[in-house]
Asker: 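Mind having a look at this structure? Questions to follow.
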Amino acid sequence: MVRPETPIIQALATLNEAHQQVVLVGDRDRHLLGVVTDSDIRRAMLNRVDFARPVAEIMKPDPLTVGPEPSERDVGLCG
């Protein structure tokens with residue numbers, strides 16, 4: 001998890017180190033504020049976004065989330 005003010009380049013390093021396709025963006029209390037995927041990073045590159053800018057500028061706010069034991073309704077929303 002990274003904070004919203006984290007530079008995009010640092011979020012990219014976190015994404016790479018975690019060997020995942022998504023980085024969670026959260027506040028000091030670890031409340032989820034959004035997500036950044038490898039696709040978001042690629043789009044930022046193509047749009048020539050300065051990677052020193054805060055990751056909040058490219059994150060997707062309000063991602064779809066489910067609990068540890070998703071219901072049938074939750075699973076239906078995901079696919």
Side-chain angles (χ1 to χ4, degrees):
M1 181 175 275
V2 298
R3 303 264 307 276
E5 63 273 11
T6 301
I8 296 168
I9 191 71
Q10 187 176 340
L12 177 58
T14 300
L15 187 69
N16 188 56
E17 291 166 11
H19 303 287
Q20 299 295 321
Q21 295 179 346
V22 65
V23 171
L24 306 177
V25 181
D27 63 16
R28 289 179 189 232
D29 297 321
R30 299 181 58 85
H31 294 118
L32 183 63
L33 301 175
V35 296
V36 175
T37 66
D38 56 352
S39 296
D40 297 320
I41 300 282
R42 284 195 302 273
R43 274 191 292 280
M45 288 174 94
L46 291 171
N47 290 323
R48 299 182 189 267
V49 173
D50 180 356
F51 275 34
R53 303 292 304 158
V55 73
E57 292 184 12
I58 65 166
M59 76 177 189
K60 301 283 190 233
D62 303 321
L64 177 65
T65 61
V66 296
E69 295 183 29
S71 69
E72 286 184 34
R73 180 183 177 279
D74 292 335
V75 172
L77 291 173
C78 296

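In what follows, every heavy atom counts, from backbone to side chain, and hydrogens, waters and symmetry copies are set aside. The structure presented is a predicted model; accordingly, all values stated were derived computationally and were not measured.
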Asker: Provide the closest heavy-atom pair for Leu33 versus Gly26 in the form atom of the first, atom of the second, distance.
Answerer: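 Closest pair (atom of Leu33, atom of Gly26, distance): CD1-C, 3.8 Å.
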
Asker: When you group the ILVMFWY residues by side-chain heavy-atom contacts below 4.5 Å and let the links chain together, are Leu15 and Met59 in the same group?
Answerer: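 In one cluster with Met59: Leu15, yes.
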
Asker: Looking at Asp27 and Arg3, is there a salt bridge between them, counting it only when a charged N and a carboxylate O are closer than 4.0 Å?
Answerer: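 Asp27 and Arg3: not salt-bridged.
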
Asker: Rounded to the nearest 0.5 Å, what separates atom CD1 in Ile9 from atom CD1 in Ile41?
Answerer: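 That separation rounds to 8.0 Å.
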
Asker: May I ask you to test the Leu24-Leu32 pair for a side-chain heavy-atom distance under 4.5 Å?
Answerer: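 Yes; the side chains approach each other to less than 4.5 Å.
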
Asker: Quick check: are there more than 12 heavy atoms from other residues, nucleotides or ligands sitting under 6.0 Å from CD of Glu5?
Answerer: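 Yes, enclosed.
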
Asker: Between Val35 and Val25, is there a side-chain heavy-atom distance shorter than 4.5 Å?
Answerer: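 In short, these two side chains do not touch, never coming nearer than 4.5 Å.
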
Asker: Could you pull out the closest heavy-atom pair between Gly34 and Pro63, with the gap in Å?
Answerer: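 Here Gly34 and Pro63 meet closest at CA-CD, 3.9 Å.
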
Asker: Looking at every heavy atom in both Pro7 and Ala52, which two are closest together, and how far apart are they?
Answerer: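 Residues Pro7 and Ala52, closest heavy atoms: CB-O, 3.9 Å.
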
Asker: Checking the side chain of Asp29 only, and the main-chain atoms of His31 only, is there a donor and an acceptor separated by less than 3.5 Å?
Answerer: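 Judged by distance alone, no pair lies under 3.5 Å.
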
Asker: In Å, rounded to the nearest 0.5 Å, how long is the span from CZ of Arg42 to CG of Leu12?
Answerer: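 Answer rounded to 0.5 Å: 11.0 Å.
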
Asker: Is it true that atom CE of Met1 has more than 12 heavy atoms of other residues, nucleotides or ligands lying nearer than 6.0 Å?
Answerer: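 Yes, because the 6.0 Å sphere around CE of Met1 holds more than 12 heavy atoms from other groups.
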
Asker: Hey, does Gln21 have a side-chain heavy atom less than 4.5 Å from the side chain of Thr37?
Answerer: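 SC-SC contact between Thr37 and Gln21 ruled out.
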
Asker: Considering residues at least two apart in sequence or located in another chain, which fulfil the side chain to side chain donor-acceptor pair (under 3.5 Å) criterion with Glu57?
Answerer: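 Side chain to side chain donor-acceptor pair (under 3.5 Å) list for Glu57, sorted by chain: Arg53.
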
Asker: Is there a path of hydrophobic side-chain contacts, each under 4.5 Å between heavy atoms of I, L, V, M, F, W or Y residues, that connects Phe51 with Val2?
Answerer: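 They do share one cluster, since a chain of ILVMFWY contacts under 4.5 Å joins Phe51 to Val2.
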
Asker: Taking side chain as C-beta onward, heavy atoms only, is Val36 less than 4.5 Å from Val22?
Answerer: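 Val36 does not reach Val22 side chain to side chain.
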
Asker: Of the non-hydrogen atoms in Thr6 and Ala11, which two are nearest, and what is the gap between them?
Answerer: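 Closest approach of Thr6 to Ala11, heavy atoms only: CG2-N, 4.1 Å.
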
